[in-house]
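To start, the structure itself, in structure tokens.
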Amino acid sequence: TQVESGGDNSAIGDGGLAYGSLQIHRGVVLDVNRVYETDYTHNDAFDRASAVDLFYKYLAIYAIERRLGHAPTDEDKARIWNGGPNGFKKSATVGYWQKVRRALEEGS
């Protein structure tokens with residue numbers, strides 16, 4: 001949450017498209033609901049516990065060995081979270097991973 005919003009559960013970013021501490025987009029909610037048959041709404045992203053659940057469920061869909069061709073790393077997970085299902089392949093997500101990596105190192 002520090003990288004995404006500084007931990008602010010009420011944050012709105014990305015031009016009004018990303019909600020909550022984890023800056024969740026509507027597509028994440030739709031994917032999680034489709035796969036898990038849940039009934040989250042985009043506004044649920046403002047609730048920290050719901051946002052964390054959405055985060056883990058989304059990564060459990062896309063950050064998996066069968067899709068990646070290798071065991072998922074923290075880098076894969078961060079880049080998928082930032083860039084969508086194929087974010088681990090996108091050069092545009094490298095900078096985001098660098099921020100996450102620094103935050104992880106500082107938190108250690």
Rounded to the nearest 0.5 Å, how far apart are CZ of R101 and OH of Y96? 14.0 Å
Apply the hydrophobic cluster definition, ILVMFWY joined by side-chain contacts under 4.5 Å directly or through others, and give me every member besides F46. I12, Y19
In chain order, what residues pass the salt bridge (charged side-chain N to carboxylate O under 4.0 Å, His left out) check against R34, with sequence neighbours excluded? D31
Check: E75 side chain, W97 main-chain N or O, donor-acceptor pair, under 3.5 Å: no
With sequence neighbours left out, write down each residue that passes salt bridge (charged side-chain N to carboxylate O under 4.0 Å, His left out) with K57, or none if nothing qualifies. D53
Roughly how far, to the nearest 0.5 Å, is the CG atom of L59 from the CG atom of D76? 10.0 Å
Would you kindly say whether N43 and T41 are connected by a side-chain donor-acceptor distance under 3.5 Å? no
Sub-4.5 Å side-chain heavy-atom contact between V28 and W81: yes
For the residue pair A51 and A45, what are the closest heavy atoms and their distance? CB-O, 3.6 Å
Verify the distance criterion only: is there a donor paired with an acceptor across the side chains of N82 and T93 at less than 3.5 Å? no
Can you hop from L17 to Y40 via hydrophobic side chains spaced under 4.5 Å? no
Are F88 and V94 joined in one hydrophobic group, where the rule is that I, L, V, M, F, W and Y side chains link up if heavy atoms are under 4.5 Å apart? no
Approximate separation, where rounding is to 0.5 Å, of D47 CG and S10 OG: 12.5 Å
Got P85 and R67 here, is their nearest side-chain heavy-atom distance under 4.5 Å? yes
So, using salt bridge (charged side-chain N to carboxylate O under 4.0 Å, His left out) as the criterion, who are the partners of R26 when residues are at least two apart? none
Is there side-chain contact between L54 and L22, with at least one heavy-atom pair below 4.5 Å? no
Give the minimum heavy-atom separation between K77 and P72, together with the two atoms involved. CE-CB, 4.2 Å
Scanning both residues in full, the closest heavy-atom pair of H25 with A18 reads NE2-CB, 3.7 Å
Kindly check if the number of other-residue, nucleotide or ligand heavy atoms within 6.0 Å of NZ (K89) is above 12? no
When rounded to the nearest 0.5 angstrom, what is the spacing between CZ in R48 and CZ in F55? 12.0 Å
Rounded to the nearest 0.5 Å, what separation is found between the CG atom of N86 and the CZ atom of R79? 11.0 Å
What's in the same ILVMFWY side-chain cluster as L30, cut-off under 4.5 Å, chained through other members? none
Test of understanding: clusters of I, L, V, M, F, W, Y form through side-chain heavy atoms closer than 4.5 Å, transitively. Do V100 and V52 belong to the same one? yes
Taken to the nearest 0.5 Å, the spacing of D39 CG from N33 CG works out to 6.5 Å
D44 meets the salt bridge (charged side-chain N to carboxylate O under 4.0 Å, His left out) criterion, sequence neighbours left out, with none
If you define the side chain from C-beta out and look only at heavy atoms, does anything of V32 sit under 4.5 Å from T38? yes
Looking only at non-hydrogen atoms, find the nearest pair between Y36 and A60 and report the distance. OH-CB, 3.3 Å
Let me check something: do I64 and Y58 share a hydrophobic cluster, defined by ILVMFWY side-chain heavy atoms less than 4.5 Å apart, either directly or through other members? no
